[in-house]
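Notes for the one structure printed next.
Lettering follows sequence order; numbering is per chain, from 1.
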2 protein chains.
Amino acid sequence: MTIPGTTTYTLTVGEVAAASGAAPSAVRFYEQHGVIQAVRTSGDQRRFSADAACRIRVAKVAQRVGLTVREIADVFADLPEDPEPGDWGRIADTLVREAEERMAALRAHLEQMRSGGRLCEM
Amino acid sequence: MTIPGTTTYTLTVGEVAAASGAAPSAVRFYEQHGVIQAVRTSGDQRRFSADAACRIRVAKVAQRVGLTVREIADVFADLPEDPEPGDWGRIADTLVREAEERMAALRAHLEQMRSGGRLCEM
DNA sequence: CCTTGACTTCAACAATGGTTGAACGACGAG
DNA sequence: CTCGTCGTTCAACCATTGTTGAAGTCAAGG
């Protein structure tokens with residue numbers, strides 16, 4: 001168990017980029033938009049904690065199901081510093097629920113079309 | 001049953017816009033990008049068939065699940081003129097399958113995270 | 001200490017998905 | 001035939017999601 005408030009911010013932009021598969025520019029972009037957090041060194045360089053790369057990987061998959069960077073950042077905003085598995089679980093649920101709702105809307109629309117028959121011919 | 005090659009192109013941009021809930025500018029945009037088709041009057045005005053509004057409504061929902069306009073246009077490209085319910089059925093399946101795959105990727109990623117435990121703490 | 005590579009910011013560019021406005025043409029009701 | 005509404009194109013602009021390059025700074029190894 002990690003001691004609360006002991007999150008270590010040690011990773012550089014390049015390290016997070018390598019670990020997440022994103023370009024360094026994208027890592028900075030995600031930080032600017034609240035998807036990940038960083039502290040600054042005395043020399044003004046970003047230092048990330050280990051979950052940054054994970055957040056980015058999740059963000060990339062979430063983007064594929066139609067969530068915007070802002071929406072993803074909003075979901076992640078509920079994560080405490082140094083999140084526990086349970087915290088991630090709730091985030092996962094939120095993301096899946098949101099995606100499911102969109103899927104349901106797609107399905108419902110297509111189903112209505114299918115059953116309506118002439119719906120698309122008016 | 002409609003006689004093949006008898007699709008009637010009678011709807012104006014404004015009518016399709018009203019029927020689909022999209023702005024007229026968006027209707028033109030979707031036509032430019034192959035989501036819908038139009039014929040031109042002698043006076044160079046667009047005339048759409050009845051399925052245009054339907055395609056747009058489907059496109060809007062599909063965009064919400066992460067499909068791009070290009071991808072949606074590609075899916076619709078398989079629709080014949082004056083499509084029958086069966087044709088729409090296959091389109092619907094394609095869209096749902098694509099969306100499902102993205103959902104599955106999201107789920108898989110989140111599940112891996114959940115079970116990995118320390119995956120996000122490295 | 002000094003070099004080198006990785007970091008910093010900032011601005012420009014790009015692609016996607018549109019909206020808005022100007023200037024002008026088409027079409028239908030009266 | 002004329003009027004008003006709707007259509008046309010084109011260019012500019014907007015937000016989103018980044019990438020690229022310039023100019024300069026930090027940090028770690030020799």
Nearest to side-chain heavy atoms of A/Ala26, which nucleotide of C/dG17, D/dG18, D/dT8: D/dG18

Which sits closer to the 5' end of DNA chain C, B/Gln63 or B/Ser42, going by the nucleotide each is nearest to? B/Gln63

Please round to the nearest 0.5 Å and tell me the distance separating atom OG1 of B/Thr94 and atom CG of B/Leu79. 9.5 Å

In whole angstrom, what separates B/Gln32's CD from C/dA15's C1'? 15 Å

For the pair made of CZ in A/Arg47 and C1' in D/dC26, what is the distance, rounded to whole Å? 9 Å

Considering every strand and a 4.0 Å limit on heavy-atom distances, what is the contact class for A/Arg28: base, sugar-phosphate, or nothing? base

Does B/Arg97 pair with B/Asp93 as a salt bridge, N-O distance under 4.0 Å? no

If you only use heavy atoms from C-beta on, which nucleotide in C/dG18, D/dT16, D/dT8 is closest to the side chain of A/Arg70? D/dT16

From the candidates C/dT8, C/dG18, D/dT19, the one with an atom nearest any side-chain atom of A/Val13 is C/dT8

Nucleotide nearest B/Ala23 when distance is taken to its side chain, options C/dT8, D/dG18, C/dT19: C/dT19

Proximity to the side chain of B/Thr68 - top-ranked nucleotide from C/dG18, C/dT9, C/dG17: C/dG17

Ion pair check, B/Glu15 and B/Arg47, cut-off under 4.0 Å: no

Please state how far atom CD1 in A/Ile72 lies from atom P in D/dT17, giving the value in whole angstrom units. 8 Å

Let's see if you can work this out: which of D/dG7, D/dT9, C/dC27 has an atom nearest to the side-chain heavy atoms of B/Thr12? D/dG7

Nearest-Å distance for atom pair OH/P, residues A/Tyr9 and C/dC7: 18 Å

A/Glu101 bridged to B/Arg64 by N-O distance under 4.0 Å: no

Separation of atom CD in A/Glu15 from atom P in C/dG5, rounded to whole Å: 17 Å

Among D/dC26, D/dT9, D/dT19, which nucleotide has an atom closest to any side-chain atom of A/Gln45? D/dC26

Of all the nucleotides listed (D/dT19, C/dT8, C/dG17), which has the minimum atom distance to the side chain of A/Arg46? C/dT8

Rounded to whole Å, please give me the gap between CG in A/Leu67 and P in D/dT16. 15 Å

